[in-house]
Amino acid sequence: MKSIKGPKTPAMVQRMQWILNPVQTMETCVKKYGDIFQLKIGVGGQPLVYLSNPEAIQEILTKDNNEYNAPASPILKSMFGEKSMILLEGDRHRRERKLLMPPFHGDRMRNYGELICNLTKQTAKELPIGEKFIARQLMQKITLQVILQAVFGLYDSPRLSEIKSILANFLELTASPLRSTIIFFPFLQHDLGPWSPWGRYQRKMQRLDELLYAEINERRGQLDPNRTDILTLMLLARDEEGQEMSNQEIRDELMTMLIAGHETTATALAWAVYWVHKQPEVYQKLTEELETMETDVEPMTIFRLPYLTAVCQETLRIYPVGMLTFPRVPTKPVELQGYQLEAGTMINGCIYLTHRREDLYPEPNKFKPERFLERKFSPYEYLPFGGGSRRCLGMALANFEMRLVLATLMSHFEMELAENRPVKPQRRGLTLGPAGGIKMLMKGERKQVEKKSASVATV
């Protein structure tokens, strides 16, 4: 039986390399050690195993729960709350997922289509013509508004303004590789007063809690079954025994959606506009496809456009926002791809490296949307939202939002990259984002080609 190999450098060195430059660390290790390797980056130098073979990833993510556990990360628990679905196991996880599935079903997405397109246009129009802007900041404004209106049903109010302000500040606490160290070192997680990083984090979380519970209680007291926002649907949800979700369960799911739901989509959208404007042939093909649409086209028609879909899929392949799947831990010794793993070994499916496999994606470093038009990939060859029972619940909303925002921006605005040099990925908290956020120039609104309206075209 083969033993799993990895760097021989001290555990602290490996941990710092993983924090400060995860992409280079992963690429170096896969070249040297192959599809499965280990890094001593766990607590006390505990080795973590990384897999990039699709069959191995499928095995750890789909095996029976008696063989593998999904351990709860302390940092995710502190961010989202212990009742967040992504931290639950077994029957509790299945119950929560079942309760939360209806609001994220494809049919529900139609309710949010017009909202997404309108918010995109309004936000982009606020950018001064002829001035530079940071693509990621624009996308974060759009995606936060979508989350607050689609999920919460919140519009202009003092509570909404405060939630937006706290979230923006909160996310900046881990916005660079160096700042992200606070996540990985428990000794930095001490409240030394309001000026310390952890102290600021704790106070922002406490205030966000107060605002979320106030909104939940207010809405529970004035429950309107005609509303279509996700908070209302959660308040109305009942499990098989007729039990409703508790305030804490709803709070923890709202926190998960707020932090993970808009931040990740904003990052993916920033990469999308970068690649589209970086490669003239991609820009040309996407523009031509968007110009074939009627004026009053339905959002679901935009969502189904083949080349737009391929552009978004390739964006999520080349630099997936989530680098890893949620970890799995075998409950007893297991054999995996010819390796013996002891019970208690932390195993991560490596999304980034799987998406860079040359046997799946020839010329993996090139941005080629056509690869998604030429073949279909299995759920473990292409897994930007993870896989198995822990695949991201917000996948449908994220895919829908990503395509509508990109299509709306490309159809209504002229933009260009402000710098010609390549943008590199870097750590942003637990995710991978574009270094510098991507500087762009707003040239103005695009002149609309005369088109028939959808209603006339169908007569």
Side-chain angles (χ1 to χ4, degrees), residues 79-81 83-88 92-120 140-157 159-160 162-164 166-167 208-209 211-239 243-266 268 299-300 303 385-386 390-405:
M79 287 170 74
F80 303 147
K83 292 188 184 293
S84 169
M85 189 191 67
I86 63 174
L87 298 171
L88 299 176
R92 289 179 66 207
H93 177 265
R94 280 189 286 275
R95 171 191 181 267
E96 203 82 357
R97 193 171 181 94
K98 205 167 181 181
L99 283 168
L100 290 169
M101 278 299 283
F104 288 100
H105 193 270
D107 291 341
R108 289 283 181 187
M109 295 302 102
R110 291 186 177 88
N111 294 331
Y112 311 132
E114 201 173 324
L115 169 71
I116 292 167
C117 295
N118 289 338
L119 283 173
T120 302
Q140 195 157 323
K141 272 188 182 178
I142 294 167
T143 59
L144 180 54
Q145 285 283 88
V146 170
I147 283 287
L148 289 170
Q149 292 189 26
V151 172
F152 284 79
L154 275 179
Y155 295 85
D156 289 333
S157 70
R159 190 177 291 154
L160 171 68
E162 195 173 352
I163 288 173
K164 282 165 68 173
I166 291 172
L167 269 178
L208 201 48
D209 261 1
L211 293 164
L212 292 182
Y213 278 119
E215 187 67 27
I216 293 165
N217 286 322
E218 193 175 290
R219 295 281 283 281
R220 203 186 276 284
Q222 306 167 3
L223 196 52
D224 178 359
N226 294 316
R227 292 182 65 150
T228 58
D229 57 84
I230 291 170
L231 172 53
T232 298
L233 297 171
M234 283 198 283
L235 288 165
L236 291 167
R238 298 291 182 271
D239 64 17
Q243 294 292 313
E244 62 186 23
M245 293 177 74
S246 69
N247 277 11
Q248 189 186 339
E249 285 173 328
I250 291 177
R251 174 264 175 212
D252 291 357
E253 299 306 345
L254 289 178
M255 189 70 84
T256 305
M257 291 175 218
L258 270 178
I259 295 173
H262 87 281
E263 164 89 346
T264 49
T265 310
M300 286 308 292
F303 174 72
F385 296 94
R390 294 190 172 267
R391 189 169 70 170
C392 176
L393 190 67
M395 179 178 76
L397 178 58
N399 275 324
F400 190 52
E401 184 178 359
M402 196 175 168
R403 293 179 211 174
L404 292 191
V405 171

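Heavy-atom minimum distance, Thr265 versus Ala398: OG1-CB, 3.9 Å. The minimum heavy-atom distance between Thr143 and Ala266, with the atom names listed, is OG1-CB, 3.5 Å. Smallest separation of non-hydrogen atoms from Met245 and Arg220: O-NH2, 3.1 Å.
Asn118 is linked by a side-chain contact (heavy atoms from CB on, under 4.5 Å) to Glu114, Lys121, Gln122, counting only residues two or more places apart in sequence or in another chain. Contacts of Arg159 classified as salt bridge (charged side-chain N to carboxylate O under 4.0 Å, His left out), with partners at least two apart in sequence or in another chain: Glu215, Glu218. Every residue was checked against the salt bridge (charged side-chain N to carboxylate O under 4.0 Å, His left out) condition with Asp224, not counting sequence neighbours, and none meets it. Remark: Glu162 engages Arg207 in a salt bridge (charged side-chain N to carboxylate O under 4.0 Å, His left out) (not counting sequence neighbours). For Thr264, the side-chain contact (heavy atoms from CB on, under 4.5 Å) partners two or more places apart in sequence, or in a different chain, are Val321, Thr431. Legend: residues meeting side-chain contact (heavy atoms from CB on, under 4.5 Å) with Ile147, ordered by chain and number and at least two apart, are Val151, Leu258, His262.
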Exercise for the section: List the steps, then state whether side-chain contact (heavy atoms from CB on, under 4.5 Å) holds for Leu235 with Glu244. Expected result: CA-CA 7 Å; Leu235 288 165; Glu244 62 186 23; over 6 Å; no

Exercise for the section: Would you sort out whether Lys164 and Gln145 count as a side-chain contact (heavy atoms from CB on, under 4.5 Å), showing the intermediate values? Expected result: CA-CA 9 Å; Lys164 282 165 68 173; Gln145 285 283 88; 3.2 Å; yes

Handout entry: Asp209 and Met255: CA distance, side-chain angles, deciding distance, side-chain contact (heavy atoms from CB on, under 4.5 Å) verdict
Key = CA-CA 9 Å; Asp209 261 1; Met255 189 70 84; 3.7 Å; yes

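Arg219 CZ to Ile250 CD1: the interatomic distance, rounded to the nearest 0.5 Å, is 10.5 Å. Distance CG/Leu208 to CG/Leu167: 5.5 Å, rounded to 0.5 Å. Here CD1 of Ile116 is found 10.5 Å from CD1 of Ile142. Values are rounded to the nearest 0.5 Å. Rounding to the nearest 0.5 angstrom, the gap separating the CD1 atom in Ile230 from the CD atom in Gln149 is 12.5 Å. To the nearest 0.5 Å, atoms CG (Leu119) and NZ (Lys141) are separated by 12.5 Å. Expressed to the nearest 0.5 Å, how far CG of Leu212 lies from CG of Leu231 amounts to 9.5 Å.
Within the 4.5 Å cutoff, no side-chain heavy atoms of Tyr112 are placed close to those of Pro299. Side-chain contact between Glu263 and Gln140: present, with at least one pair of heavy atoms (C-beta onward) separated by less than 4.5 Å.
A donor-acceptor distance shorter than 3.5 angstrom exists from the side chain of Arg238 to the backbone of Leu236, with no hydrogens or angles considered.
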